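All of these numbers come straight from a predicted model, not from anything done at the bench. The basis for the numbers below is simple: all heavy atoms, side chains too, and nothing from hydrogens, waters or symmetry mates. First listed ligand is number 1; within each ligand, the first listed atom is number 1.
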Amino acid sequence: MHRNALRRLLHARRLSVVTLAASALLATGGVALAQTAPAGTAAGGKVKVGFMLPYTGTYAALGTAIENGFRMYVQQQGGKLGGRDVEYFKVDDESDPAKAPENATKLIRRDQVDVVVGTVHSGVQMGIVKVAKENNTLLIIPNAGVDEATGPLCGPNIFRSSFSNWQPGYAMGHVLADRGMKKVVTLTWKYAAGEQSVKGFKEAFEAKGGKVVKELSLPFPNVEFQALITEVASLKPDAVFVFFAGGGAVKFVKDWQAAGLKDKIPLYGSGFLTDGTLDAQGAAAQGLETTLHYADGLSNARDKAFRLDYAKTYKLQPDVYAVQGYDAAQLLAAGANAVKGDMTRKPDIIKAMEAAKVDSPRGAFTLSKAHNPVQDFYLRKVDGRENKVSTVAVKALADPARGCRL
Ligand code: PHB
C-alpha cells in the first residue's frame with residue numbers, strides 16, 4: 001500500500017476508535033465499553049451511504065423515489081462509486097423534525113457513514129444540517145428546499161441536488177405577473193417549505209406589480225382543507241398559489257375540484273402539487289399549471305435513457321424525486337471518483353463536487369457557491385398522466401443564498 005494511503009488509513013481508524021469511545025461514554029453515562037472499531041471509511045473499505053428519508057407518512061413515496069433514483073445510478077456504475085462497493089444504511093425520519101437530531105446521529109456515529117443522503121422535509125432537514133455540521137459529515141440534500149441550508153447555514157460539507165424553496169415559487173411569481181394577474185391568495189402547510197415558497201412567489205409577483213392579498217395556512221401534515229377552501233372562494237382572487245406535496249397534494253387537488261372551484265378560480269403551485277401524484281389525482285388534476293425544475297417531455301437524451309431504465313427497474317414512471325436521488329448519486333460519484341473512493345479525503349471530495357457539471361435528466365446543471373443547483377424552471381401543464389413542459393419560465397435560476405458566507 002502507498003505510504004500516504006497507509007497513513008490516512010491509520011489516522012481514520014484512530015479517529016473512528018476515538019469517536020466510538022466518546023459515544024459509548026456518552027451512552028453509558030461515563031463508563032466506557034470495550035468495543036472494536038467497525039470497518040470504516042478508510043481507504044480500502046466500502047463507500048458507506050446513509051439514507052435518512054421518510055418511508056412512512058404523507059411523504060413516504062417521495063423517500064422511496066429518491067432512494068430508487070440513487071440506487072439506480074450506482075447500479076449503472078456496476079454498483080460502485082470511486083471504484084469501491086457501496087454499502088447502504090437507512091433510517092425512516094417519519095418527516096418528524098423532533099426526531100431528526102437523534103436519527104442523523106445514528107447514521108453518523110453508530111453506522112459511521114461517509115455521507116448522509118437526506119431528506120425530504122424542510123423541518124427535519126434543519127436537524128440534519130446541524131448534526132452534519134457538528135460532525136463535519138458530508139451531506140447531500142436530495143429534496144428538502146429549506147432556504148437556510150444553502151443560505152445562512154451553508155457549509156463546505158453541505159450540498160443539494162434539488163432546489164431551494166425560494167426557487168419554484170419565484171418562477172411562478174413571474175409567470176402569474178406576466179399573465180396580468182393582480183390579486184393572489186396563497187395557501188400552504190405552515191412550515192418552512194410552504195412559507196418560503198410563498199416568499200419566493202411574492203418576491204417575484206409583487207416586484208412586477210401583483211399583490212398577495214392573503215396568506216392562508218394549516219399545520220403540516222393536516223388535510224382538513226374545507227374551511228380554507230371556502231375562505232379562498234370568498235376572497236375572489238384572480239388566482240391561488242399553493243404548496244402541497246405527496247399524499248396531502250393528492251387530497252388537496254381532489255378537494256379543490258369537489259368544492260366546484262376548478263373552473264372558477266385558477267389554481268397554481270410549485271410543481272410538487274402534481275408530481276408523483278397524477279395517478280391518484282386523476283381528472284381533478286387535468287390542466288393544472290405548475291413550475292418546477294423537471295417536467296415530462298423534456299426530450300433530452302439523458303432524460304430518455306433515465307426514464308426507460310427507471311421504468312424497467314422499478315415498474316414505475318419516475319418523478320422529480322427520483323431525478324433528485326439520481327443526481328445526488330451523480331454528485332457523490334464526482335467526489336468519490338476524484339479520490340478513487342478514499343472517503344477520508346474530504347477537501348478533495350468537496351472540491352470535485354463543487355466543480356461538477358451534473359448531467360441530469362432535468363438538463364445539465366452546476367452548483368452555486370452555496371452548493372445549490374443553478375437550473376432552469378419549467379412551466380408545466382397536466383395532460384393525462386404527465387406534467388408536460390410548456391416553456392422555460394426562468395432560465396438558469398440561482399437561489400440568492402442570502403446569508404451564506406462560503
Ligand atoms: C420540503 O419540506 O422542503 C418539501 C417537501 C416536499 C416537497 C418539496 C419540499 O415536495
Side-chain angles (χ1 to χ4, degrees), residues 52-67 69 93-100 117-129 139-151 153 158 160-172 186-201 217-223 241-253 269-278 280-281 285 288 290-295 318-325 327-328 362 372-373 375 377 380 387 399:
M52 182 159 158
L53 293 166
Y55 294 105
T56 51
T58 199
Y59 289 159
L62 288 57
T64 301
I66 288 166
E67 182 179 338
D93 69 34
E94 304 167 50
S95 295
D96 184 351
K99 295 181 183 155
V117 176
T119 188
V120 168
H121 183 285
S122 277
V124 177
Q125 196 67 58
M126 287 294 275
I128 302 179
V129 167
L139 169 65
I140 305 178
I141 304 169
N143 182 71
V146 63
D147 290 342
E148 287 85 346
T150 49
L153 297 181
I158 314 292
R160 184 142 57 195
S161 65
S162 52
F163 60 91
S164 72
N165 287 327
W166 179 91
Q167 283 178 310
Y170 184 84
M172 188 49 97
T186 65
L187 175 55
T188 73
W189 276 316
K190 192 173 176 52
Y191 81 106
E195 290 166 347
Q196 295 176 346
S197 299
V198 166
K199 230 167 143 189
F201 173 82
S217 62
L218 74 169
F220 174 88
N222 285 12
V223 290
F241 172 79
V242 305
F243 167 87
F244 293 110
V250 171
K251 170 110 180 356
F252 178 78
V253 166
S270 48
F272 312 111
L273 186 67
T274 56
D275 226 84
T277 56
L278 291 176
Q281 287 165 333
L288 290 182
T290 60
T291 41
L292 203 62
H293 48 292
Y294 188 57
D319 54 23
V320 69
Y321 309 105
V323 170
Q324 293 169 166
D327 292 343
R362 76 188 83 170
N372 191 65
Q375 55 196 340
F377 276 79
R380 312 112 45 90
N387 286 288
D399 179 271

Query raised in the report: Between Trp189 and Phe243, what is the ring plane arrangement, given parallel below 30°, perpendicular above 60°, and tilted in between?
Result: perpendicular

Requested in this report: Examine distances only and state if a side-chain atom of Thr277 and a backbone atom of Val250 form a donor-acceptor pair shorter than 3.5 Å.
Outcome: no

Query - Separation between OG1 of Thr186 and CD of Glu195, rounded to the nearest 0.5 Å - result: 10.0 Å

Requested in this report: Measure centre to centre between the rings of Tyr59 and Phe220, then say whether the value is under 6.0 Å.
Outcome: yes

**Report entry** Contacting atoms of ligand 1, where contact means under 4.0 angstrom from a heavy atom of Ala245
**Finding:** 6 (C), 7 (C), 10 (O)

Report task. For Val120, counting its heavy atoms only, list the atoms of ligand 1 lying under 4.0 Å from any of them. Result -> 1 (C), 2 (O), 3 (O), 4 (C), 5 (C), 6 (C)

Report summary line: Near Gly145 (heavy-atom distance under 4.0 Å), the atoms of ligand 1 are 3 (O)

**Report entry** Close-contact set for ligand 1 against Asn165 heavy atoms, below 4.0 Å
**Finding:** 3 (O)

Report summary line: Within the 4.0 Å heavy-atom cut-off, what Phe220 brings close to ligand 1 is neither

Requested in this report: Would you mind listing which atoms of ligand 1 come within a distance below 4.0 Å of any non-hydrogen atom of His121?
Outcome: 2 (O)

**Report entry** Subset of ligand 1 atoms that lie under 4.0 Å from at least one heavy atom of Phe163
**Finding:** 8 (C), 9 (C)

Query raised in the report: Which is it for Asn165 and Ser122 under the side chain to side chain donor-acceptor pair (under 3.5 Å) test, yes or no, and what are the steps along the way?
Result: CA-CA 9 Å; Asn165 287 327; Ser122 277; 3.2 Å; yes

Query raised in the report: What are the atoms of ligand 1, with element, lying closer than 4.0 Å to any heavy atom of Tyr191?
Result: 1 (C), 2 (O), 4 (C), 5 (C)

Query raised in the report: Among Gly248, Ser122, Pro54, which one has a heavy atom closest to atom 3 (O) of ligand 1?
Result: Ser122

**Report entry** Test applied, side-chain contact (heavy atoms from CB on, under 4.5 Å); reference residue, Ile158; option that passes from Ile140, Ile141, Leu153
**Finding:** Ile141

Report task. Would you give the length of the straight line joining atom CD1 of Ile66 to atom CE of Met52, rounded to the nearest 0.5 angstrom? Result -> 12.5 Å

Report summary line: The atoms of ligand 1 lying under 4.0 Å from a heavy atom of Ala193, numbered in the order shown, are 1 (C), 2 (O), 3 (O), 4 (C)

Report summary line: Ranking Val146, Val124, Asn143 by closest non-hydrogen atom to atom 7 (C) of ligand 1, top hit is Asn143

Query raised in the report: For Tyr321 and ligand 1, does the shortest N/O to N/O distance drop below 3.5 Å?
Result: yes

Requested in this report: Take the angle between the ring planes of Tyr170 and Trp166 and call it parallel below 30°, perpendicular above 60°, tilted in between.
Outcome: parallel

